[in-house]
**Q** 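Let me begin by handing over the structure; questions about it come next.
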Amino acid sequence: GAVVSQHPSRVICKSGTSVKIECRSLDFQATTMFWYRQFPKKSLMLMATSNEGSKATYEQGVEKDKFLINHASLTLSTLTVTSAHPEDSSFYICSASEEVWGNQPQHFGDGTRLSIL
Amino acid sequence: AQSVAQPEDQVNVAEGNPLTVKCTYSVSGNPYLFWYVQYPNRGLQFLLKYITGDNLVKGSYGFEAEFNKSQTSFHLKKPSALVSDSALYFCAVRDIGSGGYQKVTFGTGTKLQVIP
């Protein structure tokens, strides 16, 4: 149980393109979804937290106009990287939780490798 | 803010030997601690958690972790390492985000290499 599907797994596109990444909880209702960015051989950097039906809460230093997050339902959240540039190339990972208190583990998608040429 | 530290970038262990991946924590109040594992080009998988109760926590794939309050540590252990255990391991702690909600803060990760 507790499967999170993240799509696409890999994207290669030209600079200036906008890219949308989807994160779906397949067998549970995700009250809270998280978006992370991971640099090579580095830890996960939390970008934002989204709760269904409300605006995402962004971490300090993350541009909300650059990284648009939508959590329209209890099973789907999307991250759109707008006008992507080479410095946005990274491994993006989503996770989901059935609750908001942080007592339960997060369930992670398999990540999206974004490469901007 | 709560934090965890993983002092070792990499740990090498021979197959069949016991393994330990170290984690220390810094929290105010009671710690809520987690261990996750990441295989190449994959997301993270939950291994185990400590909230309250027994200091020795048993988790998935034969892993366990010992909560030590006096040493503020939460080391991950396994009695006999397998080559398939080779992966990146993250210690994590429940924290409070900028919006006042709960979030998880991850350590820097430790690469475990099990040598056949």
Side-chain angles (χ1 to χ4, degrees), chain A residues 1-10 21 23 25 31-51 54-62 64 90-115, chain B residues 1-10 21 23 27 29-53 57 59-60 63 65 87-113:
Chain A
V3 176
V4 173
S5 173
Q6 187 173 341
H7 178 81
S9 59
R10 186 174 182 102
I21 303 170
C23 182
S25 58
T31 304
T32 308
M33 284 188 167
F34 304 86
W35 287 96
Y36 296 88
R37 183 172 177 175
Q38 185 178 31
F39 295 95
K41 299 182 181 179
K42 294 290 185 183
S43 186
L44 281 71
M45 181 192 81
L46 179 65
M47 299 174 67
T49 301
S50 71
N51 294 295
S54 61
K55 289 183 179 180
T57 301
Y58 289 81
E59 294 298 301
Q60 196 170 12
V62 178
K64 56 184 68 176
S90 194
F91 192 53
Y92 292 87
I93 308 175
C94 73
S95 72
S97 176
E98 300 102 315
E99 48 91 44
V100 300
W101 301 280
N103 297 340
Q104 298 303 322
Q106 296 176 23
H107 310 292
F108 285 81
D110 278 342
T112 297
R113 177 76 58 192
L114 177 61
S115 300
Chain B
Q2 324 287 48
S3 65
V4 287
Q6 294 180 245
E8 303 156 315
D9 287 340
Q10 181 158 337
V21 183
C23 173
V27 303
N30 295 320
Y32 284 40
L33 298 162
F34 304 85
W35 274 102
Y36 288 84
V37 60
Q38 184 181 30
Y39 296 97
N41 296 311
R42 300 293 297 276
L44 277 66
Q45 295 178 31
F46 169 74
L47 284 178
L48 51 81
K49 67 177 180 180
Y50 172 84
I51 296 180
T52 59
V57 180
S60 305
F63 284 93
L88 190 57
Y89 289 81
F90 289 99
C91 183
V93 63
R94 191 182 72 169
D95 198 354
I96 302 295
S98 55
Y101 56 85
Q102 306 285 350
K103 68 172 187 177
V104 171
T105 295
F106 289 87
T108 50
T110 299
K111 183 179 179 180
L112 174 66
Q113 190 75 39

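Source: prediction; values computed, not measured. Worth knowing before you read on, the calculation uses all heavy atoms, side chains too, and leaves out hydrogens, waters and symmetry mates.
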**Q** Looking at B/T108 and A/S43, would you say the former's side chain and the latter's main chain have a donor-acceptor pair under 3.5 Å?
**A**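 Such a contact is absent between B/T108 side chain and A/S43 backbone.
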
**Q** Counting only heavy atoms closer than 4.5 Å, note whether A/Q106 contacts chain B via side chain, backbone, both or neither.
**A**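 Answer is both: backbone and side chain atoms of A/Q106 are under 4.5 Å from chain B.
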
**Q** Would you please indicate yes or no on a ring centroid separation below 6.0 angstrom for A/Y36 and B/F106?
**A**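 They qualify: ring centres under 6.0 Å apart.
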
**Q** Quick one: CG on B/L44 to CD on A/Q38, what's the gap to the nearest 0.5 Å?
**A** 7.0 Å

**Q** Which answer fits B/Q38, side chain, backbone, both or neither, if we ask what part of it has an atom under 4.5 Å from a heavy atom of chain A?
**A**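 For B/Q38, the side chain is the part near chain A, not the backbone.
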
**Q** Could you work out, with salt bridge (charged side-chain N to carboxylate O under 4.0 Å, His left out) as the rule, every residue matching B/R42, not counting sequence neighbours?
**A**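 Partners of B/R42 by the salt bridge (charged side-chain N to carboxylate O under 4.0 Å, His left out) criterion, ordered by chain and then number, come out as A/D110.
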
**Q** Nearest 0.5 Å please: distance from the CG atom of B/L88 over to the CG atom of A/L44.
**A**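 It comes to 9.0 Å.
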
**Q** The test is side-chain contact (heavy atoms from CB on, under 4.5 Å); show your working for B/N41 and A/R10 and say whether it passes.
**A** CA-CA 10 Å; B/N41 296 311; A/R10 186 174 182 102; over 6 Å; no

**Q** Give, as side chain, backbone, both or neither, the part of B/Y36 having an atom under 4.5 angstrom from any heavy atom of chain A.
**A** side chain

**Q** Work out which heavy atom in B/F46 is nearest to a heavy atom in A/P105; give both atom names and the distance.
**A**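 In terms of heavy atoms, the two residues are closest at CD1-CB, 3.2 Å.
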
**Q** What residues, two or more places apart in sequence or in another chain, satisfy side chain to side chain contact (heavy atoms under 4.5 Å, CB included) together with A/S90?
**A**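 So A/S90 forms a side chain to side chain contact (heavy atoms under 4.5 Å, CB included) with A/R37, A/F39, A/Y92.
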
